[in-house]
Amino acid sequence: MLRFLKIIFLALIIFVLGDFLYYNSNSQALSYNIQFRLFIPPRYFLESSAIPVGLLLLSSFCLGMVFAAFNGAISIFYRSREIKAKNRTIRELEKEIEEMRTLYSSMQHKNQTPDYGRLGTNSDVEVAKID
């Protein structure tokens, strides 16, 4: 969440800085006005107000940063939910393992059965050497 807020704040700072630079420069290319028109016959005609190219570029950049932040926040949200679910499963399985260990140790003390878990150690097994 903090990362998302940082990106939004950064986009706002870049927008304000870019807006300041845009309005204080005398570039003819960035001050050219664009007007969008949409005509769907026979009835619908939509027309936007005149928008300078520089303002359009700045706003599209900042909106892109905001949408990228939302996309990142959504993926982080789903990943954190998945991790929480997996951690919960791990805790349940570890609890089950601990219960099985206590059950096995209580059965071992009652029956006095040999410890099969230690057979793989070097102290219990003699290795024959072949010359």
Side-chain angles (χ1 to χ4, degrees):
M1 185 67 175
L2 184 63
R3 185 177 180 190
F4 173 72
L5 291 175
K6 284 181 184 178
I7 291 174
I8 297 295
F9 185 68
L10 181 66
L12 183 66
I13 288 175
I14 289 173
F15 179 76
V16 169
L17 181 65
D19 192 44
F20 176 76
L21 291 173
Y22 167 72
Y23 280 111
N24 289 321
S25 69
N26 292 328
S27 176
Q28 289 292 332
L30 293 178
S31 63
Y32 182 76
N33 289 333
I34 294 179
Q35 190 171 18
F36 296 102
R37 294 185 183 112
L38 176 66
F39 178 64
I40 302 175
R43 224 186 282 203
Y44 297 105
F45 180 72
L46 300 173
E47 184 175 40
S48 70
S49 60
I51 303 170
V53 172
L55 184 62
L56 185 65
L57 289 172
L58 282 173
S59 60
S60 64
F61 173 74
C62 289
L63 282 174
M65 285 187 71
V66 169
F67 285 129
F70 276 123
N71 189 19
I74 289 170
S75 66
I76 288 171
F77 172 73
Y78 282 121
R79 277 190 266 150
S80 67
R81 281 184 50 193
E82 183 179 346
I83 288 172
K84 285 179 185 177
K86 288 182 180 183
N87 284 340
R88 185 174 40 246
T89 304
I90 288 170
R91 281 193 302 270
E92 290 171 0
L93 291 174
E94 285 176 344
K95 183 195 272 187
E96 187 176 332
I97 288 172
E98 191 60 37
E99 289 173 0
M100 294 301 285
R101 283 182 181 159
T102 56
L103 179 66
Y104 177 73
S105 66
S106 68
M107 286 177 56
Q108 186 179 9
H109 289 297
K110 286 181 185 177
N111 296 336
Q112 297 297 325
T113 58
D115 188 8
Y116 295 112
R118 294 185 47 218
L119 282 181
T121 62
N122 288 336
S123 62
D124 293 342
V125 178
E126 293 183 19
V127 179
K129 292 184 181 179
I130 300 174
D131 291 319

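This chain uses plain numbering: 1 for the first residue, then up along the sequence. As the structure is a computational prediction, the values presented were derived from the model and not from experiment. Just so it is clear, the values below take in all heavy atoms, side chains as well, and ignore hydrogens, waters and symmetry mates.
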Query raised in the report: Within the distance-only criterion (no hydrogens, no angle test), does the side chain of Gln35 pair as donor or acceptor with the backbone N or O of Ser49 below 3.5 angstrom?
Result: no
Could you tabulate the donor-acceptor pairs under 3.5 Å formed by side-chain atoms of residues 92-99, not counting sequence neighbours?
none

Query raised in the report: For Tyr44, does the OH atom sit with more than 12 other heavy atoms under 6.0 Å from it, leaving out its own atoms?
Result: no
Report summary line: Quick note, side-chain hydrogen bond (donor to acceptor under 3.5 Å, both in side chains) partners involving residues 65-90, not counting sequence neighbours, are Ser75-Arg79, Glu82-Lys86
Distance-only donor-acceptor pairs under 3.5 Å for side chains of residues 50-67, two or more places apart:
from  : atom 1 : to    : atom 2 : distance (Å)
Ser59 : OG     : Leu55 : O      : 2.9
Ser59 : OG     : Leu56 : O      : 3.1
Ser60 : OG     : Leu56 : O      : 3.1
Ser60 : OG     : Leu57 : O      : 2.9

Query raised in the report: Got a second to check how far Met107's CE is from Met100's CE, nearest 0.5 Å?
Result: 9.0 Å
Query raised in the report: Can Phe45 and Arg37 be said to form a side chain to side chain contact (heavy atoms under 4.5 Å, CB included), step by step?
Result: CA-CA 7 Å; Phe45 180 72; Arg37 294 185 183 112; 4.2 Å; yes
